[in-house]
Amino acid sequence: MERPLAWRSVTSIAVLLFGVLLALSPGYGYHRDELYFRVLSEHPAWGYVDQPPLTPMLARAGIALFGDTLTGIRVFPALSIAILVVLMALVARELDGGPAAQFMVALGTATGAYALMAGHSMLTLSFDLPLWAAAILLMLKALLREQPRWWLAAGAMIGLATYNKHLIAMLVIGLAVGLLAAGPRRLLASPWLWAGALVAVVIALPNLLYQITNGWPQLTMAAALSEDKGAEMRVLFVPMQLVLFGPVVSIMAAFGFVRMWRDRRVRALAIAYPVAAALTLISGGRFDYTGGLILMLFAAGCVSVEAAGRSWRTALVLNGLGSALIALPLIPASVLGATPVPAINEVSGESVGWPEFVAAVDGVLRTLPPDERSRAVVMTGNYGEYGALAQAGVPRVYSGHNQLWEYGPPPESGTTAVLVNIGPGGRALFASCERKAMVDNGVDLDNEEQGMPVYLCQGLERPWSTIWPMWRHFS
């Protein structure tokens, strides 16, 4: 018999979370990814060299519906994580969790560090978490209810998830390995399972066609990311599994793994976590790639400890207070750099200082005579810098980073350029380059832009059309 859903407590947590996230949405400033999505949203496409189209599309919708502001672009992430809370309560119910377990899952999910980060800022993670939760919920329905038609719905959700990130493939691979290793293997012969796989492929087809016709740029990106930060991500993987949603959630997830392992019907999904962890470590991927599966195990853990719910609820509240300090703009920006928060949550550190960055670059432009200024271009090293300048209305900005390379080259008249975050090789293409300014966020916060020199370079020695391929880079 299906357990009742604790609608009142679960929806109350979801609505409260949505309200808190919106209230805090103006805190700090844009994260570099948000500035990038804002740019991509002005160039609608089936895909981009570094990501599928869903997050930029939602950025465009948020700006159109709610305004081109911090809050406007952050409404959909806040709503998405509120939906995640409800979905995770449904996952707990599917695993035979009663109202107390569902409440704990909703509380732990809503106050987990990465859920709060994803709800505060527009990141691909903001939409990946609920998409994974929905796919897992539908898989559990198919596995536990012995109603194989649910594989069609699970396939549809997996196909949709590919428009946000292709990482949903790790869930599919994890399930496949789990079924092969622990069963029930008879499912591998189920026509409903394969029909669900076909549905996923059909829905994902436009996305896949983009990859095929553009030379699989996502593979190029994955290789670049692994080369750039793969070693660092491998070192951070294990400790960050404890930080993603807080240590209490991690402990309960361990209980959940044991519970799911003991239930032969869902053991395959339990195995999906170590499989995803292994794939992440091998590829040098980000430690948060396993986030959706940690939440699934956490939901199972809440069912295991439901009888001792009061003490665990207290622990989850304390867990949430620590997570909130890490994930939300509660610490004043003026003292943020003196805390360990930016080292744990790079989103916070990289959301501070963009107005000062723009002022430094624009100040160099303003030193030029009007005629030369009207022809000058700005070259940036990464998409956050490009996005900050574009958002501030600085004209003739270009970058070779990821998708932005496609929007160049600069006009041939741009023989004078302001260069920021461009190495010696780029500066060597000009007759002269002089450092004119230094970026200072004013709060002594050490992030990627702090202390960045700004160069004024004049006398481009070769046409932009011939040297533009040299500027392309992925990271």
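Quick note: residue numbers are just sequence positions, from 1.
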Are [X] and [Y] side-chain neighbours, meaning at least one heavy-atom pair lies under 4.5 Å?
X: Leu336; Y: Ser348; result: yes
X: His401; Y: His473; result: yes
X: Leu316; Y: Val249; result: yes
X: Thr416; Y: Leu456; result: yes
X: Val454; Y: Leu419; result: no
X: Val418; Y: Tyr455; result: no
X: Ser25; Y: Leu70; result: no
X: Arg234; Y: Phe237; result: no

Steps toward side chain to side chain contact (heavy atoms under 4.5 Å, CB included) verdict (Val39, Gln391): CA-CA 8 Å; Val39 173; Gln391 193 269 339; over 6 Å; no
Any salt bridge linking [X] with [Y]? Criterion: basic side-chain nitrogen under 4.0 Å from a carboxylate oxygen.
X: Glu34; Y: Arg74; value: yes
X: Glu385; Y: Arg32; value: no
X: Glu406; Y: Arg472; value: yes

Evaluation steps, side chain to side chain contact (heavy atoms under 4.5 Å, CB included), between Met170 and Leu293: CA-CA 10 Å; Met170 290 207 304; Leu293 289 166; over 6 Å; no
Interatomic spacing from CG in Leu279 to OG1 in Thr290 - rounded to 0.5 Å: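 Nearest 0.5 Å value for the CG-OG1 distance: 11.5 Å.
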Interatomic spacing from CD in Glu350 to OH in Tyr28 - rounded to 0.5 Å: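 Spacing of CD (Glu350) from OH (Tyr28) equals 13.0 Å.
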Between [X] (side chain only) and [Y] (backbone N and O only), is there a donor and an acceptor less than 3.5 Å apart?
X: Ser250; Y: Gly246; result: yes
X: Ser126; Y: Pro77; result: no
X: Asn319; Y: Phe245; result: yes
X: Arg396; Y: Val377; result: no

With Asp33 via side-chain hydrogen bond (donor to acceptor under 3.5 Å, both in side chains) - residues at least two apart: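 Asp33 satisfies side-chain hydrogen bond (donor to acceptor under 3.5 Å, both in side chains) with Tyr383 once adjacent residues are dropped.
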Proximity of Phe76 and Phe66 rings by center, below 6.0 Å: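 Phe76 vs Phe66: aromatic centres under 6.0 Å.
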Residue that, paired with Thr55, satisfies side chain to side chain donor-acceptor pair (under 3.5 Å) out of Thr124, Asn164, Asp128: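 Output: one option passes, namely Asn164.
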Quick check: are there more than 12 heavy atoms from other residues, nucleotides or ligands sitting under 6.0 Å from [atom1] of [X]?
X: Asp444; atom1: CG; value: no
X: Trp468; atom1: CH2; value: yes
X: Asn214; atom1: CG; value: yes
X: Trp194; atom1: CH2; value: no

Of Leu22, Leu21, Ile63, the residue whose pairing with Val75 passes side chain to side chain contact (heavy atoms under 4.5 Å, CB included):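 Per the side chain to side chain contact (heavy atoms under 4.5 Å, CB included) rule, the option paired with Val75 is Leu22, out of Leu22, Leu21, Ile63.
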Donor + acceptor pair across side chains of Gln403, Asp50 (<3.5 Å):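 No, because no side-chain N or O of Gln403 sits under 3.5 Å from a partner of the opposite role on Asp50.
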Any side-chain donor near an acceptor of the partner, Asn207 and His166, under 3.5 Å: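 Per modelled atom types, Asn207 and His166 side chains form a pair under 3.5 Å.
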Stepwise side-chain hydrogen bond (donor to acceptor under 3.5 Å, both in side chains) check, Glu434 with Gln458: CA-CA 9 Å; Glu434 183 180 355; Gln458 296 171 301; over 6 Å; no
Full working for side chain to side chain contact (heavy atoms under 4.5 Å, CB included) between Val420 and Met379: CA-CA 6 Å; Val420 59; Met379 287 294 303; over 6 Å; no
Option among Tyr398, Tyr407, Trp464, Trp405 that satisfies the ring pair (Phe, Tyr, Trp, His ring centres under 6.0 Å) test with Trp471: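 Single ring pair (Phe, Tyr, Trp, His ring centres under 6.0 Å) partner of Trp471 among Tyr398, Tyr407, Trp464, Trp405: Trp464.
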Cation-pi check, Arg38 onto Tyr30 ring (under 6.0 Å, within 45° of axis):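 No, Arg38 does not sit over the ring of Tyr30.
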